[in-house]
Amino acid sequence: MNSPLKIRGFEVHKGLLDSQAQAELVSDLRDVARAAPMRSPVTRWGKPMSVKMTSAGRLGWISDRRGYRYEPRHPDGMEWPPIPSRILALWTSVTGLERAPDCCLINYYGEGARMGLHQDNDEGDFDWPVLSVSLGDEGLFRMGNVERGGSTESVWLQSGDVVVMGGAARLAYHGVDKIRFGSSRLLPDGGRINITLRVVEA
DNA sequence: AAGTTACC
DNA sequence: GCGC
């Protein structure tokens with residue numbers, strides 16, 4: 001009866017975005033990726049992650065041999081593109097917050113890509129919720145606890161689903177175990193996109 | 001380890 | 001196939 005998915009502050013809004021809204025977001029994200037190319041960052045141990053990522057907003061999340069952090073520039077040196085207005089509007093409508101997110105992290109999962117269980121803890125203030133949008137292929141999302149270990153629970157996220165992690169769920173471990181490559185027709189070449197919106201600075 | 005692999 |  002202590003299921004992680006029941007953690008206060010964890011919300012899954014199934015099917016929040018219709019197919020037109022999804023297609024519009026994909027178009028916006030293509031513009032971002034054209035200005036700030038997707039990369040597979042390496043971890044502190046030099047291993048590239050299977051996910052490709054880029055960011056929009058004042059700050060982008062990066063990883064390299066120095067660790068994880070937010071930076072105002074893409075590794076290639078350009079500033080991150082602004083967060084597309086439709087994405088900001090989604091943040092506002094779902095969270096109801098006046099404060100805008102600083103970072104829109106865009107993760108692309110190709111065939112076989114995964115994301116290990118982790119906490120979002122590189123931000124300066126954990127009181128703000130994290131909002132996550134799934135686009136394209138279905139992904140098996142796993143939710144753990146605020147401490148490592150313990151029970152976990154999984155849910156298949158589909159294109160158009162929106163997840164909010166706030167309150168007790170804000171620092172809970174979470175990850176993506178696998179995607180069903182080719183399960184959606186939203187992206188012509190397959191794969192899953194996840195958008196993560198975060199307030200980074202206190 | 002925001003990692004990978006192995007094993008049930 | 002999936003949880004760990």
When rounded to the nearest 0.5 angstrom, what distance separates OG in A:Ser40 from CG in A:Asn107?
10.0 Å

What's the gap between B:dT5 and B:dA1 when it is taken at their C1' atoms, as a whole Å value?
14 Å

Run the side-chain contact (heavy atoms from CB on, under 4.5 Å) check on A:Trp80 and A:His74 step by step: do they pass?
CA-CA 6 Å; A:Trp80 305 103; A:His74 186 282; 3.6 Å; yes

Tell me, with the steps shown, if A:Asp64 and A:Arg69 meet salt bridge (Lys or Arg N to Asp or Glu O under 4.0 Å).
CA-CA 9 Å; A:Asp64 59 22; A:Arg69 64 195 179 279; 2.7 Å; yes

Rounding to 0.5 Å, atoms CD (A:Glu11) and OG (A:Ser132) come to a distance of 12.5 Å

Using residues 174-183 of chain A as the side-chain source, report each donor-acceptor pair under 3.5 Å to any protein atom, sequence neighbours left out, with the distance given to one decimal.
residue, atom, partner, partner atom, Å
A:His174, ND1, A:His118, O, 3.3
A:His174, ND1, A:Ala172, O, 3.0
A:His174, NE2, A:His118, NE2, 3.3
A:His174, NE2, A:Asp120, OD1, 3.4
A:Asp177, OD2, A:Arg142, NE, 2.9
A:Arg180, NH1, A:Glu138, OE1, 2.6
A:Ser183, OG, A:Glu138, N, 3.0
A:Ser183, OG, A:Arg180, O, 2.6

Between protein and nucleotides 2-8 of chain B, map the contacts as a letter string: B base, S sugar-phosphate only, - none, heavy atoms under 4.0 Å, written 5' to 3'.
BS-B---

Boundaries of the chain A footprint along DNA chain C (any atom under 4.0 Å from a heavy atom):
C:dG3 to C:dC4

Please check if A:Val164 and A:Leu88 belong to a single hydrophobic cluster, counting links between Ile, Leu, Val, Met, Phe, Trp and Tyr side chain heavy atoms closer than 4.5 Å.
yes

With side chains defined as the heavy atoms from C-beta onward, is the minimum distance between A:Leu29 and A:Leu135 less than 4.5 Å?
yes

Identify whether NZ of Lys or CZ of Arg in A:Arg192 sits under 6.0 Å from the centre of the six-membered ring of A:Tyr109 and within 45° of that ring's axis.
yes

